*Asks:* 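The structure follows.
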Amino acid sequence: MIPKEDNMTSGQKATRPFVSNEGIEITKRFFSAIDILKMQGKIHGLKVFTDKHNINRWNLYTIKKNPDKALLKPEYILYLCRDYNVSLDWIFYGEGDFYEIEKLLKSKGKRE
């Protein structure tokens, strides 16, 4: 979480960042993607993801629990999409296929 400090005078308490409805939905889809990957056996859980990218897991749990009060870092979305071929369109807009099909086809071609 990044506190807002715009126009603060000394002695004022920092407020929590404003998270738009779009930001909340993106955060929810991010955690849905983790759950889908777990169900498909492609990831064992959030701990694997956080350990791989040196992310504080408890911060992610806080974001998951309070998507309206905590910001999801954009690089976390990048890691998820890059490592597991999750579609950015699916994460950002909730549209299209869950997986980035072109990347999957290219990676399959490399293995064969």
Side-chain angles (χ1 to χ4, degrees):
M1 293 185 293
I2 304 170
K4 283 187 180 177
E5 296 182 7
D6 301 355
N7 302 321
M8 287 180 53
T9 60
S10 66
Q12 281 184 316
K13 196 173 183 181
T15 59
R16 293 180 186 247
F18 170 78
V19 181
S20 67
N21 289 334
E22 291 87 355
I24 293 168
E25 292 305 313
I26 290 167
T27 298
K28 288 179 179 179
R29 284 191 291 273
F30 172 87
F31 288 106
S32 290
I34 297 283
D35 291 340
I36 290 168
L37 292 166
K38 279 174 54 177
M39 286 188 295
Q40 293 178 344
K42 298 189 186 263
I43 190 171
H44 292 285
L46 194 57
K47 184 177 184 329
V48 172
F49 181 78
T50 57
D51 286 353
K52 180 175 182 176
H53 297 290
N54 198 29
I55 299 168
N56 183 314
R57 186 179 41 187
W58 301 110
N59 287 350
L60 272 188
Y61 282 129
T62 299
I63 294 168
K64 183 177 184 177
K65 185 177 176 184
N66 302 297
D68 59 327
K69 297 177 184 159
L71 295 172
L72 182 67
K73 289 186 174 186
E75 57 266 33
Y76 300 169
I77 297 169
L78 173 68
Y79 301 150
L80 184 72
C81 294
R82 183 185 60 204
D83 294 352
Y84 300 99
N85 295 318
V86 175
S87 166
L88 275 172
D89 284 339
W90 189 87
I91 295 284
F92 279 104
Y93 306 110
E95 299 173 353
D97 294 324
F98 178 74
Y99 288 107
E100 187 69 47
I101 302 301
E102 284 185 33
K103 287 182 186 175
L104 282 175
L105 293 175
K106 284 180 184 176
S107 67
K108 266 192 165 183
K110 289 179 184 175
R111 289 186 212 145
E112 296 176 344

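It should be emphasised that the depicted structure is a prediction, and the values quoted were computed from it without experimental measurement.
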*Asks:* To the nearest 0.5 Å, tell me how far Phe92 CZ sits from Glu22 CD.
*Replies:* 12.0 Å
*Asks:* Determine the minimum heavy-atom distance between Tyr76 and Phe49, stating which atoms define it.
*Replies:* O-CZ, 3.5 Å
*Asks:* Given the rule in the side-chain contact (heavy atoms from CB on, under 4.5 Å) test, do Leu37 and Leu80 qualify, once you have shown the distances and angles that lead to the verdict?
*Replies:* CA-CA 10 Å; Leu37 292 166; Leu80 184 72; 3.7 Å; yes
*Asks:* If we only count heavy atoms from C-beta on, is the Trp90 to Ile36 side-chain gap below 4.5 Å?
*Replies:* yes
*Asks:* For Ile63 and Ala70, work out which heavy atoms get closest and say how close.
*Replies:* CG1-CB, 3.7 Å
*Asks:* Could you report the tightest heavy-atom contact between Ile91 and Phe30, atom names first, then the distance?
*Replies:* CD1-CA, 4.0 Å
*Asks:* How long is the span from the NZ atom in Lys73 to the CG atom in Leu60, to the nearest 0.5 Å?
*Replies:* 10.0 Å
*Asks:* Look only at the side chain of Asn66 and the backbone of Lys69, and say whether a donor-acceptor pair between them is shorter than 3.5 Å.
*Replies:* no
*Asks:* When you look at OH of Tyr61, are more than 12 heavy atoms from neighbouring residues, nucleotides or ligands closer to it than 6.0 Å?
*Replies:* yes
*Asks:* Measuring from Lys64:NZ to Arg57:CZ, what's the distance to the nearest 0.5 Å?
*Replies:* 12.5 Å
*Asks:* Could you please spell out the steps behind the side-chain contact (heavy atoms from CB on, under 4.5 Å) verdict for Asp97 and Asp89?
*Replies:* CA-CA 8 Å; Asp97 294 324; Asp89 284 339; over 6 Å; no
*Asks:* Should Leu78 and Leu88 be regarded as members of a common hydrophobic cluster, given that ILVMFWY residues are connected when their side-chain heavy atoms come within less than 4.5 Å of each other, either directly or indirectly?
*Replies:* no
*Asks:* Distance-only check: which donor-acceptor pairs under 3.5 Å involve side-chain atoms of residues 39-48, not counting sequence neighbours?
*Replies:*
| from | atom 1 | to | atom 2 | distance (Å) |
| --- | --- | --- | --- | --- |
| Gln40 | OE1 | Tyr99 | OH | 2.2 |
| Lys47 | NZ | Asp51 | OD2 | 2.6 |

